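Letters A, B, ... are given to chains in the order of the sequence lines, protein chains preceding strands, and every chain is numbered from 1. Keep in mind the model is a prediction, meaning the values are calculated, not measured.
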Number of protein chains: 2
Amino acid sequence: MHSISEENYIKAIYHLQGGKALVSTNEIAGRMNTKASSVTDMLKKLADKNLAEYVPYKGARLTDKGVLCANQIIRKHRLWEVFLVEKLDFSWDEVHEVAEQLEHIQSQKLIDQIDKHLGFPKKDPHGDPIPDRHGNYEKTNKTVLSKLKKGDKGTLIGLIDSSKNFLKYLDKQHMKLGTHIEIVDFEEFDLSYTIKVNGAELQISKLISDNLYIKLN
Amino acid sequence: MHSISEENYIKAIYHLQGGKALVSTNEIAGRMNTKASSVTDMLKKLADKNLAEYVPYKGARLTDKGVLCANQIIRKHRLWEVFLVEKLDFSWDEVHEVAEQLEHIQSQKLIDQIDKHLGFPKKDPHGDPIPDRHGNYEKTNKTVLSKLKKGDKGTLIGLIDSSKNFLKYLDKQHMKLGTHIEIVDFEEFDLSYTIKVNGAELQISKLISDNLYIKLN
DNA sequence: CTAAATTTTTAGACAAGACTAAAAATTAAT
DNA sequence: ATTAATTTTTAGTCTTGTCTAAAAATTTAG
């Protein structure tokens with residue numbers, strides 16, 4: 001249907017879109033480690049295929065067709081991540097690269113059977129929601145830890161950054177999805193937090209607190 | 001490491017090699033649904049990479065390095081086939097196309113964990129042996145059914161042709177790997193056999209008998 | 001053993017996707 | 001409101017892998 005390269009651009013635009021009306025050429029190039037000129041070429045192609053709207057010099061946005069396509073790719077990526085962790089004993093910092101390859105395998109039956117085999121999971125190992133066949137997924141109420149105040153209590157349910165180093169840091173602190181967290185103190189000077197995790201107190205920097213999603217009790 | 005295209009050529013040469021000293025350009029082109037000129041180009045590239053020896057106008061043969069590479073691809077292909085059948089309820093005529101894609105996923109850990117997850121199977125769903133990490137595999141004594149004589153008894157342990165239509169024919173006759181077979185009669189005129197399978201007698205043509213591997217009791 | 005048929009290779013072209021360098025458009029700044 | 005800085009696009013090139021058509025080599029036949 002679509003080439004691997006096209007799929008990777010669709011995914012990048014989807015992730016960069018957020019609230020914005022248009023995603024710029026440079027943003028896409030940055031995320032994909034490619035050059036702006038290559039992005040321009042691809043945006044024209046995606047527009048031809050009605051997967052994106054492209055406004056020269058302004059940027060691009062996925063069409064409904066493009067969004068659906070992105071959701072299918074993300075569905076595959078996240079289901080494969082669950083598979084790798086649950087069935088093949090991968091750790092959560094090892095799954096991304098392999099899932100980047102597996103997400104491009106073309107077989108509707110394959111992905112639906114994987115879904116079934118895993119018991120139709122709703123979340124991937126990093127707490128991100130898994131779209132169903134139709135592109136729908138559960139939105140959960142979540143707050144970035146850096147928005148919390150002293151005394152707030154909640155559960156770690158997701159990550160913003162999912163880079164290897166961040167995941168390894170969390171492992172080192174014995175923090176994983178479902179871990180209970182309590183805000184013990186907040187330091188105005190460097191915006192760091194003291195939190196209680198697994199019964200012990202832990203200092204976390206602003207950067208860390210900006211990358212943890214908490215569900216308040 | 002190697003491109004998907006390179007891997008597909010390596011696999012094709014491996015499968016065509018058999019006893020022959022050299023596999024011809026046209027044979028490769030035929031098996032891969034490509035043109036002879038494309039094959040020539042690729043053979044030069046494989047020779048540059050020391051994956052094949054290429055003798056212009058004569059053909060090519062895999063080097064030891066090429067054979068090892070072929071075995072790794074075949075290992076991946078066959079393990080994925082077992083996975084699809086055992087874990088995801090695919091039928092044996094559905095697995096090939098998907099495995100053709102999955103065999104190119106690059107991750108040593110992935111394939112070793114799949115192997116472990118499946119309990120280190122020795123045979124794929126069509127009875128073909130699965131090489132281990134080092135490229136070694138079990139060779140079993142097998143005889144093509146068309147070599148058997150009246151009264152011979154044995155077990156179906158493998159197939160030569162594994163095309164969809166042949167697999168569906170076998171399903172229709174309730175024949176699968178492990179099915180016990182007895183030669184009831186042989187007809188000199190059209191070289192057809194009468195065999196006893198699952199307690200019932202069945203006529204099979206020469207073509208069928210040429211594509212079944214039997215292990216004699 | 002030469003001529004015909006076949007196979008293989010070469011030469012040149014094309015498509016996808018990426019890159020560089022330069023031009024054009026947009027945005028920011030004085 | 002011009003100039004300066006930045007972003008984006010265009011134009012042209014490169015690589016991988018493919019193709020067609022023509023040339024060269026090999027094999028087969030008479």
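In this model, the phosphate group of dT18(D) is not approached by any side-chain N or O of Ser38(B) to a distance below 4.0 Å at OP1 or OP2. Between Ser37(A) and dT8(D) there is no side-chain N or O to OP1 or OP2 distance below 4.0 Å. Not one side-chain nitrogen or oxygen of Thr40(A) sits closer than 4.0 Å to the OP1 or OP2 atom of dT10(D).
Checked against ring-ring contact (aromatic ring centres under 6.0 Å, His included), Tyr9(A) has no partners two or more places apart in sequence or in another chain. For the ring-ring contact (aromatic ring centres under 6.0 Å, His included) test, residues two or more places apart in sequence or in another chain that qualify with His96(B) are His77(B). For Asp152(B), the salt bridge (Lys or Arg N to Asp or Glu O under 4.0 Å) test picks out Lys149(B), with sequence neighbours left out.
Residue Ser5(B) is in sugar-phosphate contact alone, with no base atom involved, counting any heavy-atom pair closer than 4.0 Å across all strands shown.
Rounded to an integer number of Å, the gap from Met42(A) CE to dA15(C) C1' is 13 Å. Regarding Tyr9(B), its OH atom lies at a distance of 11 Å from the C1' atom of dT16(D), rounded to whole Å. Atoms CG (Asp41(A)) and C1' (dT8(D)) sit 12 Å apart, rounded to a whole Å. One interatomic measurement links the two molecules: NZ of Lys44(A) to P of dA18(C), which rounds to 15 Å at whole-angstrom precision. Regarding Glu6(B), its CD atom lies at a distance of 9 Å from the P atom of dT16(D), rounded to whole Å. If you take CD1 of Ile28(B) and P of dT8(C), they are 9 Å apart, rounded to a whole angstrom.
Side chains of Asn71(B) and Tyr14(B) form a contact here, defined as non-hydrogen atoms less than 4.5 Å apart.
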If you look only at distance, which donor and acceptor atoms sit under 3.5 Å apart when one is on a side chain in residues 25-40 of chain B and the other is two or more places apart or in another chain?
from: Glu27(B); atom 1: OE1; to: Ser24(B); atom 2: N; distance (Å): 2.9
from: Glu27(B); atom 1: OE1; to: Ser24(B); atom 2: OG; distance (Å): 3.3
from: Thr40(B); atom 1: OG1; to: Ala36(B); atom 2: O; distance (Å): 3.2

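Only Tyr57(B), Lys58(B), listed by number, bring a heavy atom of residues 48-61 of chain B to less than 4.0 angstrom from any atom of DNA chain D. Annotation: proximity of residues 12-27 of chain A to DNA chain D (heavy atom, distance under 4.0 Å) is found for Ser24(A), Thr25(A), Asn26(A), numbered in ascending order.
Annotation: cation-pi pair Lys116(B)/Phe120(B) absent, no NZ/CZ under 6.0 Å from the ring centroid and within 45° of its normal.
Expressed to the nearest 0.5 Å, how far CG of Leu145(A) lies from CD1 of Ile208(A) amounts to 10.5 Å.
With Glu103(B) as the fixed residue, the salt bridge (Lys or Arg N to Asp or Glu O under 4.0 Å) test singles out one of Lys76(B), Lys11(B), Arg75(B), Arg78(B): Lys11(B).
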